[in-house]
Amino acid sequence: MEPGRAVLVDWGWAVRGPAWLDPALAVVRLIATGGQSPAAAQAWASRLPAWRDVPDRVLTDFAGAEARYWEDITRRRPEPWSRALADAARAWAAYRAL
């Protein structure tokens, strides 16, 4: 590691999927734990080639699905970490719906 350099580690699921999926999942975490706004988190993701070709509707639908996913987890496991991710996913979905 170099001083002043951040490294993002994503422990993705071991499944096949579209290349934009990892950055989309990272957006939620940047909002939840990185203190980023939905706009700032998306701006980070938009720098990645995999993000650039994704239709807006796909990202909007995914953000909504992610919000529902974390709401379900929070109902079953109402803990600070799940609430933070549910709040972040909900904020991203609301931003995408504008």
Side-chain angles (χ1 to χ4, degrees):
M1 296 249 200
E2 298 173 28
R5 182 174 179 208
V7 178
L8 175 68
V9 177
D10 178 31
W11 302 105
W13 295 63
V15 297
R16 293 173 70 81
W20 59 264
L21 189 56
D22 280 335
L25 293 170
V27 164
V28 175
R29 279 144 184 86
L30 287 170
I31 297 167
T33 61
Q36 300 292 314
S37 68
Q42 276 197 175
W44 170 83
S46 71
R47 296 174 21 208
L48 304 172
W51 187 271
R52 293 184 193 133
D53 296 329
V54 183
D56 281 341
R57 187 72 202 159
V58 170
L59 293 173
T60 299
D61 289 348
F62 180 79
E66 191 73 353
R68 291 186 299 275
Y69 172 77
W70 284 108
E71 286 295 327
D72 183 56
I73 289 175
T74 300
R75 275 194 296 278
R76 290 183 281 122
R77 293 189 66 182
E79 300 175 25
W81 64 267
S82 62
R83 286 187 190 107
L85 287 164
D87 290 345
R90 196 171 33 253
W92 185 36
Y95 173 78
R96 297 270 336 152
L98 295 178

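- Closest heavy-atom contact between V28 and A89: CG1-N, 4.0 Å.
- The closest donor-acceptor contact from the side chain of S82 to the backbone of R77 lies under 3.5 Å.
- Pairing each heavy atom of A32 with each of A84, the nearest pair is CB-O, 3.7 Å.
- For R68 and D72, the salt-bridge test fails: no basic side-chain N is under 4.0 Å from an acidic carboxylate O.
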* **Criterion side-chain contact (heavy atoms from CB on, under 4.5 Å) on W81 and I73, from CA distance to verdict** => CA-CA 10 Å; W81 64 267; I73 289 175; 4.1 Å; yes

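- For the pair R96 and D56, the salt-bridge criterion is met [side-chain N within less than 4.0 Å of a carboxylate O].
- For the pair A93 and A63, the tightest heavy-atom approach, listed with the atom from each and the gap, is CB-O, 3.7 Å.
- In terms of heavy atoms, W44 sits closest to P23 at CZ3-O, 4.3 Å.
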* To do: Show the numbers, then the answer: is there a side-chain contact (heavy atoms from CB on, under 4.5 Å) between V58 and W20?
  => CA-CA 10 Å; V58 170; W20 59 264; 3.6 Å; yes

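- R83 and D87 are not joined by a salt bridge, as no carboxylate oxygen comes within less than 4.0 angstrom of a charged side-chain nitrogen.
- Counting all heavy atoms, side chain and backbone alike, P38 lies closest to I31 at CA-CD1, 3.7 Å.
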* List the steps, then state whether side-chain contact (heavy atoms from CB on, under 4.5 Å) holds for W51 with L59. => CA-CA 9 Å; W51 187 271; L59 293 173; 3.5 Å; yes

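- Side-chain contact between L21 and F62 is present, with at least one heavy-atom pair separated by less than 4.5 Å.
- Here the straight-line distance linking atom CG of L85 with atom OG1 of T74 works out to 7.5 Å at 0.5 Å rounding.
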* To do: Assess whether side-chain contact (heavy atoms from CB on, under 4.5 Å) is satisfied between L25 and E66, documenting all intermediate values.
  => CA-CA 8 Å; L25 293 170; E66 191 73 353; 3.3 Å; yes

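- When atom types are taken as modelled, the side chain of S46 and the backbone of A43 share a donor-acceptor pair closer than 3.5 angstrom.
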